[in-house]
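Notes for the one structure printed next.
Order of appearance sets the numbers: ligands from 1, and atoms from 1 within every ligand.
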Amino acid sequence: MSAAKSGDPASIKVLDLTEDQAAQELERLAHEIAAHDEAYHHDDKPVISDADYDALRKRNTQIEKCFPALIREDSPSGRVGAAPSEKFDKVQHAVAMLSLGNAFTDDDVKEFGLRVSRFLGLKPDEELAYTAEPKIDGLSASLRYEKGALVMAATRGDGSEGENVTRNVQTIKDIPQTLATKSPPDVFEVRGEIYMSHAAFAALNEQQVEAGKDPFANPRNAAAGSLRQLDPTITASRPLQFFAYAWGEVSDLPVETQDEAVQLLGSYGFPVNPLMKRCTSTMDMIAHYHAIEEQRSSLGYDIDGVVYKVDRLDWQARLGFVTRSPRWAIAHKFPAEQAITVLNDIEIQVGRTGALTPVAKLEPVTVGGVVVSNATLHNEDEIARKDIRIGDTVVVQRAGDVIPQVVRVLTEKRNGKEVAFKPLSVCPVCGSHAVRDINEKTGKEDVVRRCTGGLICEAQLVQRLKHFVARNALDIDGLGAKQVDAFHGLGWLHSPADIFKLNSHAEEVKKMEGWGETSVSNLMAAIDARREPDLGRLIYGLGIRHVGATTGRLMARSYGTFEAFMSAMIAAGEDREGAAYQELVGIDGVGDVVADALVEFFNEARNREVIDALLAEVTPQEAEAVVADGSPVAGKTLVFTGTLEKMSRAEAKARAESMGAKVSGSVSAKTDLLIAGPGAGSKLKKAESLGVEVIDEDAWIEMAGQN
Ligand code: IVH
């Protein structure tokens, strides 16, 4: 052994290292590089120069090349392509980043046009123009410029909160560091899509394979993986591109239409898509959709549809949003991609509400760049209708993010050995009877077969727990489906309340594979952070049938506190003719189906036990009024009746709700204000007899205009 080799391994040349020394070095480098990553990304305070940092990484890679057997699980090079998201700072979007509703057929597009026109109350001869542009299949980003300089770049995240990827975005050549204008606005957030071209994707995958790494499934994944790198020099080496198509917070927007706004983005120095066109009719839009579709394969980058946006910005503002998508835009998707494969088996999955869903287990096949091995079969009637048998050769399709589906069977490929599917009469998980209910209203058998085991069925329990912690519900960081499965398997989770008792198992979790001191304390902190959950999310998280995230929020806004909500549901269940039930169905957006589901849920003693246990652990927040103080109708209950002439009913309702009011369909003692147009009848009389304030449409417009 030479003298050098017995010294500090850090000073020994890679080729001279012994195996032991190499292992020590890899350990030291893993820790040092991780600490520098943390300082750089998390604290924004790098402690060494970029060159020194690069040298550490280079040494690490060289040692790994010489001693591949010693590559550590926490190797810094292993982080390439799988950057843990906790490493990026979170950024709150000043203006939410929305998603788009989908249209699949020409009729959907026509229906969209009619909806917009109805909402705005346009006359048939009034021009309603739209922009039509490709929907880029990448990932959206928000770029914030202050006084013309790029100060922050964030991913979309959940729409309200994204990740700070400024340093990585700074390496993208398409994105200007400063706005190309002499008089930049104080604040200007540009939004658009980061994507990777087909050519860059192919070249990157070649490199990946040469380096012994897994290739990316498609350009979108490659773009996402490249952007979310802890090391911006890696992002810099991946040729990412950008198209600007929207904006977030802006201090000044000196234009009146979408078309002009996009031209402005172009003049600021951003690439904008050359295929955007202003269209003045639905026919025009559909024709442009087909024109784009024809060029799709020669564009050199992936697109998955065409986005239509109402051109006039004042109309966009009036149209506003529903849940998380604008009323003024829609994505017209290209038809789904299909592939042929063999259906090896049919498995039954049990969902959160006990629904038994047949799932096709497929011979893995690539559909539109993604490997598919499962597809939904919806329900047993669907299997019978399509005559799907085990062993069949089938056509599967996938469109966008939708779960892959089995479209049809290639019966000509049958060899006689295929086996017909027999519906189960018992739940495959708990053995309880599985039945198809008779719908009381229609007298028909439900298409869905359900397990009658309720919460004794572990499948339902696990699915409910997963739903409870999911993104739109309590959204507990670090507690996803995988962790719920694991903790449930250990017998720690029997109901949502148990999630808040997980800290009693912290020591055991630390010893589990994939967990450590930091990740466990992060998890416990994330759980604790939800001890005062948002009311709407909590209601949604309970997993009541037919109660989605929107209804959860609506309930929160209507009842204000969990106690008020729960006692109203119990009262509503005791007397369907009584005031509580009438108030519930009087809420705009609540029909009989939702009302019945809510009432049934709260009148089931077992559910109340689960809730009581949960309330011993958490204190739900009171629901906030939607709009800050100053709205004259915040927290009030409004009823519209008669004909409105200047605003459609839908617009009036949306406007009132955005001002923090609740809109009800019927007048009661709880009504604060009746807006009566011409032709008002019984509601007006009732309001007068109850002494409710009544105003006409002009007074309402004045009120609505104030905010
Ligand atoms: S507009 C308020 N335009 O599609 C409207 N989105 O499904 C905001 N996307 O998250 C989106 N190309 O990532 C718009 N030309 C385009 C787009 C586009 C791709 C993505 C974007 C968004 C998603 C919505």
Side-chain angles (χ1 to χ4, degrees), residues 93-104 108-109 112 116 130-143 153-163 165 169 174-175 189-197 218-221 223-224 227-228 240-250 253 257-259 261-266 270-279 285 288-289 291-293 295-296 299 301-313 315-334 399-402 471:
H93 297 301
V95 175
M97 290 185 80
L98 302 160
S99 53
L100 293 167
N102 289 329
F104 294 101
D108 291 346
V109 178
F112 165 70
V116 168
Y130 296 87
T131 56
E133 68 200 276
K135 182 169 189 293
I136 317 297
D137 200 4
L139 57 147
S140 50
S142 185
L143 317 173
T155 60
R156 178 172 184 274
D158 65 2
S160 319
E161 194 182 70
E163 287 174 340
V165 287
V169 161
D174 272 354
I175 294 177
E189 282 181 6
V190 175
R191 291 184 175 172
E193 205 80 356
I194 295 176
Y195 67 98
M196 192 179 278
S197 72
N218 53 45
R220 209 189 92 83
N221 285 2
L227 181 67
R228 297 177 74 263
L240 292 172
Q241 286 174 270
F242 185 73
F243 276 125
Y245 52 66
W247 54 95
E249 192 188 352
V250 289
L253 191 66
T257 63
Q258 180 73 31
D259 196 31
V262 171
Q263 286 178 36
L264 180 72
L265 296 175
F270 294 95
V272 293
N273 197 285
L275 294 175
M276 186 178 95
K277 179 174 177 245
R278 188 173 178 276
C279 300
M285 288 147 69
H288 193 52
Y289 167 88
I292 292 178
E293 193 179 24
Q295 298 177 59
R296 185 180 184 189
L299 290 176
Y301 52 87
D302 275 356
I303 63 173
D304 58 349
V306 174
V307 183
Y308 308 124
K309 300 172 187 170
V310 169
D311 195 34
R312 270 178 61 167
L313 300 185
W315 285 356
Q316 288 189 2
R318 276 178 60 191
L319 284 153
F321 308 92
V322 243
T323 335
R324 306 209 60 82
S325 14
R327 274 199 199 84
W328 44 265
I330 200 161
H332 190 178
K333 300 303 263 307
F334 291 132
D401 300 333
V402 187
R471 213 169 72 183

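The atoms of ligand 1 that sit less than 4.0 Å from any heavy atom of Pro326 are 2 (C). Which parts of ligand 1 touch Arg156 is read off a 4.0 Å heavy-atom cut-off, strictly below it: atoms 10 (O).
At under 3.5 Å, not a single nitrogen or oxygen of Ala246, backbone or side chain, sits near a nitrogen or oxygen of ligand 1. Geometrically, ligand 1 and Trp328 share no nitrogen or oxygen pair separated by less than 3.5 Å.
No side-chain heavy atom of Trp315 sits less than 4.5 Å from a side-chain heavy atom of Trp328. Looking at heavy atoms from C-beta onward, Asn102 lies out of side-chain contact with Ile330 at the 4.5 angstrom threshold. Between Met196 and Gln241, the closest side-chain pair of non-hydrogen atoms is not below 4.5 Å.
Of all the listed residues (Glu133, Lys333, Glu193), Glu133 holds the heavy atom that lies closest to atom 15 (N) of ligand 1. For atom 8 (C) of ligand 1, the nearest non-hydrogen atom from the set Leu98, Ile194, Ile330 belongs to Leu98.
With hydrogens left out, the protein atom closest to atom 24 (C) of ligand 1 is Leu100 N, 3.5 Å, a heavy atom. Annotation: atom 21 (C) of ligand 1 to nearest protein heavy atom, Tyr245 OH, 3.1 Å. The protein heavy atom nearest to atom 3 (N) of ligand 1 is Lys309 NZ, 3.1 Å. Among protein heavy atoms, atom 12 (N) of ligand 1 sits closest to Ile136 N, 3.0 Å.
Not a single heavy atom of Ser325 lies less than 4.0 angstrom from ligand 1. Remark: distances from the non-hydrogen atoms of Ala329 to ligand 1 are all 4.0 Å or more. Residue contact check for ligand 1: Ser99 places a non-hydrogen atom closer than 4.0 Å to it.
Across all non-hydrogen atoms, the minimal contact from Asp137 to Arg220 is OD1-CD, 3.0 Å. Residues Lys309 and Ala329 share a closest heavy-atom pair of CG-CB, 3.9 Å. The shortest heavy-atom contact between Ala103 and Asp108 is CB-CB, 3.6 Å.
Using a 30° and 60° split on the angle between ring planes, Phe243 and Tyr195 fall in the parallel class, below 30°.
By the 4.0 Å N-to-carboxylate-O rule, Asp311 lies close enough to Arg278 to be salt-bridged with it. By the 4.0 Å N-to-carboxylate-O rule, Lys277 lies too far from Glu133 to be salt-bridged with it.
The line from OH of Tyr245 to CG of Leu265 is 11.5 Å long, rounded to the nearest 0.5 Å.
Under 4.0 angstrom from ligand 1, there are no non-hydrogen atoms of Ala331. Residue Met97 does not touch ligand 1, judged by heavy-atom distances below 4.0 Å.
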